[in-house]
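Report on the following structure.
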Amino acid sequence: MTDVHPDVADTADDIATMEIRGAATIADAAAGALAVQARESDADSPEAFREDLRRAAKTLYETRPTAVSLPNALRFVMADIEGDTVRELRETAVESAAAFQRELDQAQARLGEVGANRLRDGDVVMTHCHSTDALSCVKAAVDQGKHIEAIVKETRPRKQGHITAEQLRDWGVPVTMIVDSAARRYLDEVDHVVVGADSIAADGSVINKIGTSGLAVNARDRGVPIMVGAQTIKLHPDTLTGHTVEIEMRDEDEVIDDVERERIQGDPDGFAVENPAFDVTPPRYVDAIVTERGQFPPESIVVLMRELFGRDTARPWEA
Ligand code: RI2
C-alpha cells in the first residue's frame, strides 16, 4: 500500500489548519488534489488506481468532514471516473476534476448576479465571517454601478471578518468594522444582512460560521432581510435521509492560549473553553437562499436538493 501523493497530504493539512478555507475554496482544492493523485499515481492495475484515488479522497475527507462542500466535491469528481484501463481511469479523473472546478468557478459568478439583484443603489450590507459566495453578490452589485457600503463583523475567534473588510475595501466599498457584539446596535443602519453558508440542510436550515444564527434573529427582530449566498455545492444531501449536520468543534487554543488561561485562572483545571465553528439558523430567519440556479425561499431548497442529488448519497472515500 503506497502513501497518498505529497500534494494531497499538503492539501489535506492546509484544509485541516484552515490555510485553505471557505467552502468553495475547499471544494476546489480537494478536486485539484484528486487530479494530482490521478495524474501521478503509479498504479499498475485499474483496481490499484481506484484504491489510490479512494485513499486520497479519504485523506481529504477526514480533514473537515463537516464542511459539506468537501464530500460533495469528492462525490462529484469520483462519480465520473470511468474506464477499463488505468489510462482511461486517469483521463476521466483528471477531466472530471477540471469540469468540476470550471463549474464551481462559474457558479459563483452566476450566484453573484442573482444576489446583486436584491441589492439597491445606496444599500448598506452587514457581513459575518468571510464568504466568497456572499461577497460575490456585493461585487456584482458594485459592478452594476450600485453604491454599496458595508458594516463588517469581526467574527471571533479567527476574525475572518478582516479578510472580508480588506476585500470590500479593495473593491471600493466603504467599510466599517465592528466587534461581533455590536451587531444589533448597527442593524438599524443596515438594509441587508448578507452571509454565506458552510452547508444547507433539507429543511432550509443554514449552517454557517458561529454567530450567524444570533445575527439572523436580531436582524429579523429589526426587520432587516437576511440573504444567504450559497452555491449548490453547499447543499447537504445526507439531510435528505434524516441525518443531522455535525458541528465542527475546533481547538480551544483559537479562543484562549495557555498564557492567558494561566493569567486568568492561575490553575487551568476547572476552566472549560468550547469552540464550535458553526451554528444552525432555522429557515424562518432566512429570507432568501441565493444559488447559481436562482433564488429560493429556504423552505423550498429541498426541491433543488432532490433534483441535484436524488437520493444518492454515495461515500466514494469508503472502502
Ligand atoms: P465560501 C466559512 O467558514 C464561513 O462560515 C463562510 O460563510 C463559509 O465558509 C462559506 O465560504 P470557514 O471555512 O465558500 O472559515 O462562500 O470555517 O467562501
Side-chain angles (χ1 to χ4, degrees), residues 11-32 60 63-73 76 100-101 103-112 114-116 125-140 150 152-168 180 183 192-201 205-216 226-236 245-251 254-255 275-281 286 289-292:
T11 301
D13 273 354
D14 286 350
I15 294 173
T17 58
M18 293 180 67
E19 281 296 310
I20 295 174
R21 47 154 294 278
T25 319
I26 289 172
D28 183 68
L60 293 160
T63 54
R64 289 188 83 189
T66 58
V68 73
S69 65
L70 177 57
N72 279 348
F76 187 98
F100 174 77
Q101 288 174 309
E103 183 62 30
L104 201 61
D105 202 37
Q106 291 164 12
Q108 192 162 78
R110 285 201 289 264
L111 176 163
V114 177
V125 299
M126 182 178 280
T127 64
H128 182 66
C129 200
H130 174 251
S131 158
T132 55
D133 282 354
L135 283 180
S136 72
C137 301
V138 180
K139 177 71 164 71
V152 172
K153 291 180 72 210
E154 188 180 42
T155 319
R156 294 272 169 159
R158 293 180 66 99
K159 298 202 260 185
Q160 293 104 320
H162 290 246
I163 309 169
T164 299
E166 208 175 317
Q167 177 70 86
L168 287 169
D180 294 313
H192 287 271
V193 168
V194 184
V195 296
D198 288 82
S199 63
I200 307 242
S205 294
V206 173
I207 293 86
N208 194 47
K209 183 50 43 90
I210 191 81
T212 304
S213 63
L215 174 62
I226 302 129
M227 146 161 61
V228 176
Q231 297 175 53
T232 55
I233 190 77
K234 316 277 182 69
L235 302 179
H236 206 309
V245 177
E246 193 189 331
I247 301 294
E248 177 182 357
M249 299 299 284
R250 296 190 61 82
D251 201 297
E254 291 182 347
V255 179
N275 184 20
F278 307 119
D279 65 19
V280 181
T281 303
V286 175
I289 297 175
V290 172
T291 78
E292 76 275 16

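Start at 1 and go down the list; that is how both ligands and their atoms are numbered. Quick caveat, the model's predicted, so the values are computed rather than measured. These numbers come from the heavy atoms of this one structure, side chains and all, not from hydrogens, waters or symmetry mates.
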May I ask you to check whether [X] has an N/O atom sitting below 3.5 Å from an N/O atom of ligand 1?
| X | result |
| --- | --- |
| Ile26 | no |
| Asp133 | yes |
| Met18 | no |
| Ala134 | no |
| Thr25 | no |

Identify the protein heavy atom lying closest to [atom], giving its residue, its atom name and the separation to 0.1 Å.
| atom | value |
| --- | --- |
| atom 18 (O) of ligand 1 | Thr132 OG1, 2.6 Å |
| atom 9 (O) of ligand 1 | Asp198 OD2, 3.1 Å |
| atom 15 (O) of ligand 1 | Arg21 NE, 2.7 Å |

Side-chain heavy atoms of [X] within contact of [Y], under 4.5 Å:
| X | Y | value |
| --- | --- | --- |
| His162 | Glu154 | yes |
| His236 | Ile207 | no |
| Leu104 | Gln231 | yes |
| Arg21 | Ile163 | yes |
| Ile210 | Arg156 | no |
| Leu215 | Met126 | yes |
| Thr11 | Ile20 | yes |

Taking heavy atoms and a distance under 4.0 Å, where does [X] meet ligand 1: side chain, backbone, both or neither?
| X | value |
| --- | --- |
| Ala230 | neither |
| Gln108 | neither |
| Lys234 | side chain |
| Ser131 | both |
| His130 | backbone |

(message) Just to check, does Val195 reach to within less than 4.0 Å of ligand 1 when the distance is taken from its heavy atoms?
(response) no

(request) Assess Cys129 for proximity to ligand 1: is some non-hydrogen atom of it under 4.0 Å away? (result) yes

(message) Tell me if a side-chain donor or acceptor on Thr164 pairs with a main-chain N or O of Cys129 at a distance below 3.5 Å.
(response) yes

(message) Quick check against the 3.5 Å criterion: does Arg64 have a side-chain atom that pairs as donor or acceptor with the backbone of Met18?
(response) no

(message) Name the residue from Asp279, Asn208, Thr281 that meets the side-chain hydrogen bond (donor to acceptor under 3.5 Å, both in side chains) definition with Ser213.
(response) Asp279

